[in-house]
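Have a look at the structure below before the remarks.
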2 protein chains.
Amino acid sequence: MADVFEALAAPARRAILDELIDRDGQTLFEICARLTMKHDLSLTRQAVSQHLTVLEAAGLISTRREGRCKLHFLDTTPLTEAVVNRWLKPKRKNDNA
Amino acid sequence: MADVFEALAAPARRAILDELIDRDGQTLFEICARLTMKHDLSLTRQAVSQHLTVLEAAGLISTRREGRCKLHFLDTTPLTEAVVNRWLKPKRKNDNA
DNA sequence: TTGACAGGCAAGTCGACACTTGCCTATTAT
DNA sequence: ATAATAGGCAAGTGTCGACTTGCCTGTCAA
């Protein structure tokens with residue numbers, strides 16, 4: 001699994017995660033359209049496709065083919081492992097509020 | 001406040017956060033030494049200093065001068081706001097386990 | 001006051017990555 | 001079969017950031 005933080009580094013990829021939270025299981029073209037509409041990000045289809053590849057390599061999204069469509073689903077478990085378990089939980093050892 | 005995710009993008013900066021979790025309030029030289037020892041990161045003092053600047057700009061660390069030393073303290077609140085409140089909590093609306 | 005220690009500023013190099021362009025494959029409908 | 005849809009592969013460009021080198025400022029002890 002690739003680096004979760006490297007995947008989160010690009011603003012476009014964070015916007016994609018936002019989009020998948022809003023509506024899970026979108027296709028590449030749907031994501032492209034909604035990025036342009038709601039996030040003012042006018043990217044090429046290839047650009048979004050490469051972002052999706054990075055996100056999938058980081059385990060943040062999973063995909064399923066459906067005929068000629070490829071659906072993308074959000075998975076936030078790597079986020080919990082990478083951020084919460086690494087920095088947020090250890091601090092709770094001292095100040096558990 | 002600068003971008004939290006951009007601050008987390010560099011592995012060296014994440015290692016610095018790990019170091020400050022292990023021992024809070026370290027100086028620049030202490031962090032330099034411990035990065036070399038425990039993380040196999042042999043960086044210049046200036047490199048670490050620039051990383052600390054980025055982390056402080058992102059609000060992830062706060063500093064306090066103490067004579068000729070500058071102590072660095074971890075602050076994880078931006079992490080919660082940027083990650084948990086953005087992606088982890090919204091998912092809990094559907095599947096709250 | 002001189003030297004050592006802790007840190008800051010500025011310019012320069014270099015590699016990685018975000019993005020584009022161009023073309024190709026696979027699935028579905030007419 | 002042909003065209004349209006949904007997506008993939010590969011190469012190229014350009015910018016940004018991580019890191020270094022060199023020098024300067026401030027603090028403390030002798």
Side-chain angles (χ1 to χ4, degrees), chain A residues 1-20 23-37 39-73, chain B residues 1-20 23-37 39-73:
Chain A
M1 180 183 300
D3 193 4
V4 177
F5 297 99
E6 187 182 351
L8 293 176
R13 286 196 284 267
R14 300 196 292 268
I16 290 178
L17 296 189
D18 290 334
E19 263 318 304
L20 289 183
R23 171 177 153 83
D24 209 7
Q26 294 189 61
T27 69
L28 171 59
F29 274 57
E30 283 175 318
I31 296 173
C32 264
R34 293 170 76 120
L35 283 184
T36 309
M37 303 289 180
H39 295 266
D40 281 323
L41 283 175
S42 43
L43 294 178
T44 321
R45 177 180 56 84
Q46 276 76 7
V48 180
S49 177
Q50 289 168 5
H51 284 311
L52 289 173
T53 304
V54 175
L55 287 172
E56 188 174 12
L60 288 167
I61 64 174
S62 60
T63 60
R64 189 178 72 220
R65 281 224 85 114
E66 197 101 349
R68 61 181 166 185
C69 294
K70 189 179 182 183
L71 308 183
H72 301 80
F73 299 91
Chain B
M1 178 183 302
D3 192 4
V4 178
F5 297 99
E6 189 182 350
L8 294 176
R13 287 196 282 269
R14 301 197 292 268
I16 290 178
L17 296 188
D18 291 333
E19 262 319 303
L20 289 181
R23 171 177 153 84
D24 210 8
Q26 293 188 63
T27 70
L28 171 59
F29 275 56
E30 284 175 318
I31 296 173
C32 265
R34 293 171 78 119
L35 283 184
T36 309
M37 303 289 180
H39 295 266
D40 282 323
L41 283 176
S42 43
L43 294 179
T44 320
R45 178 182 55 87
Q46 274 75 7
V48 180
S49 177
Q50 289 169 4
H51 284 311
L52 289 172
T53 304
V54 176
L55 287 172
E56 188 175 12
L60 288 167
I61 65 174
S62 60
T63 61
R64 189 178 73 218
R65 280 223 85 113
E66 197 102 348
R68 62 181 165 183
C69 295
K70 189 178 183 184
L71 308 183
H72 301 80
F73 300 91

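Nothing here was measured: the structure is a model prediction, and the numbers come from that model. Just so you know, these numbers use all the heavy atoms, side chains as well, and skip hydrogens, waters and symmetry mates. Chain naming here is simple, since letters A, B, ... match the order of the sequence lines and numbering starts at 1 in each.
Between B:Gln26 and A:Arg13, the one whose closest nucleotide on DNA chain C sits nearer the 5' end is B:Gln26. If A:Ala12 and A:Gly67 are placed on DNA chain C by their nearest nucleotide, the residue sitting closer to the 5' end is A:Ala12.
In terms of phosphate contacts, B:Lys70 brings no side-chain nitrogen or oxygen within less than 4.0 Å of OP1 or OP2 of D:dG26.
For the pairing with B:Ile16, the side-chain contact (heavy atoms from CB on, under 4.5 Å) check across B:Leu43, B:Leu41, B:Leu35 returns one residue only, B:Leu35.
Side-chain N or O atoms of A:Glu19 include none that pairs as donor or acceptor with a backbone N or O of A:Arg34 at under 3.5 Å. For B:Arg64 (side chain) and B:His72 (main-chain N/O), no donor-acceptor pair under 3.5 Å exists by modelled atom type.
Of the residues in residues 42-55 of chain B, those with a non-hydrogen atom less than 4.0 angstrom from any atom of DNA chain C are B:Arg45, B:Gln46, B:Ser49.
Atom-to-atom, CD of B:Glu6 to C1' of D:dA18 comes out at 12 Å; the value is rounded to the nearest Å. Between the CG atom of B:Leu71 and the P atom of C:dC5 there is a distance of 19 Å, rounded to whole Å. Between B:Leu35 atom CG and D:dA18 atom C1' the separation is 14 Å, expressed in whole Å. Regarding A:Arg14, its CZ atom lies at a distance of 16 Å from the P atom of C:dC17, rounded to whole Å. As a whole-Å value, the separation of A:Arg64 CZ from D:dA6 C1' is 16 Å. What separates CZ of B:Phe29 from P of C:dC5 is a distance of 9 Å, to the nearest Å.
Taking every heavy atom of both residues into account, B:Phe73 and B:Leu20 meet most closely at C-CD1, 4.5 Å.
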Could you pull out all donor-acceptor pairs under 3.5 Å where a side-chain atom in residues 45-52 of chain A meets a protein atom, sequence neighbours excluded?
unit_1, atom_1, unit_2, atom_2, d
A:His51, ND1, A:Arg13, NH1, 3.1

Compile the donor-acceptor pairs under 3.5 Å between side chains in residues 54-61 of chain A and protein atoms, sequence neighbours left out, one pair per line.
unit_1, atom_1, unit_2, atom_2, d
A:Glu56, OE2, A:Thr63, OG1, 2.9

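Ranking C:dA4, C:dT28, D:dG7 by closeness to the A:Thr27 side chain, first place goes to D:dG7.
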